[in-house]
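See below for the structure under consideration.
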Amino acid sequence: MNKQDLMAQVRDTSGLSKEQAERAVESVFELITEALRRGEEVRIVGFGSFFVGTRAASPGQKTRTGERIDLPPTKQPKFRAAGKTLNEAVG
């Protein structure tokens, strides 16, 4: 399922217009993104949590030259399924 499919299913199941469904889905994504940008965790009870994880610095290698480099620590968005219903549905 892609974003357009999700918007169409929200429209079909909620009775919203196409524009309203698109706005609703976009709003959810924007709100989650903004919360993560602020370093906050987004918990959706029965579903899971979105949070920012930190990947430690590590050694790396330039592909073209083979030169060894040190990769800095980075922040990454992550998702952890936390709902029994969700885990059972996919498990």
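- One distance of note links OG of S17 with CZ of R23; it measures 6.5 Å at 0.5 Å rounding.
- At a threshold of 4.5 Å between side-chain heavy atoms, the hydrophobic network of Ile, Leu, Val, Met, Phe, Trp and Tyr places F51 and L86 in two separate groups.
- Clustering ILVMFWY residues whenever any of their side-chain heavy atoms sit less than 4.5 angstrom apart, transitively, puts V28 in the very cluster that holds V52.
- Considering every non-hydrogen atom in both N87 and A82, the closest pair reads ND2-C, 4.4 Å.
- With values rounded to the nearest 0.5 angstrom, I32 atom CD1 is found 5.0 Å from I44 atom CD1.
- Considering only heavy atoms from C-beta on, M7 comes within 4.5 Å of E26 through its side chain.
- For the atom pair T74 OG1 and R55 CZ, the distance stands at 4.5 Å (nearest 0.5 Å).
- Taking every heavy atom of both residues into account, T65 and K62 meet most closely at OG1-CB, 3.4 Å.
- Cluster membership check: F79 does not share its hydrophobic cluster with F29, using side-chain heavy-atom separations under 4.5 Å among Ile, Leu, Val, Met, Phe, Trp and Tyr.
- Summarising the geometry of S49 relative to R43, their closest heavy-atom pair is OG-CG, 3.3 Å, with the distance given to 0.1 Å.
- Here CG of L36 is found 12.5 Å from NZ of K78. Values are rounded to the nearest 0.5 Å.
- Closest of all the heavy-atom pairs between A21 and V10 is CB-CG1, 4.0 Å.
- Counting non-hydrogen atoms of other residues, nucleotides and ligands closer than 6.0 Å to CZ of R68 gives a total of 12 or fewer.
- Considering all non-hydrogen atoms of both residues, I69 and Q61 come closest at CG1-N, 4.0 Å.
- Across all their heavy atoms, A35 and V42 have their closest contact at CB-CG2, 3.6 Å.
- Within the model, atoms NZ of K75 and CZ of R37 stand 12.0 Å from one another, a figure rounded to the nearest 0.5 Å.
- Atom OG1 of T33 is separated from atom CZ of R38 by 10.5 Å, given to the nearest 0.5 angstrom.
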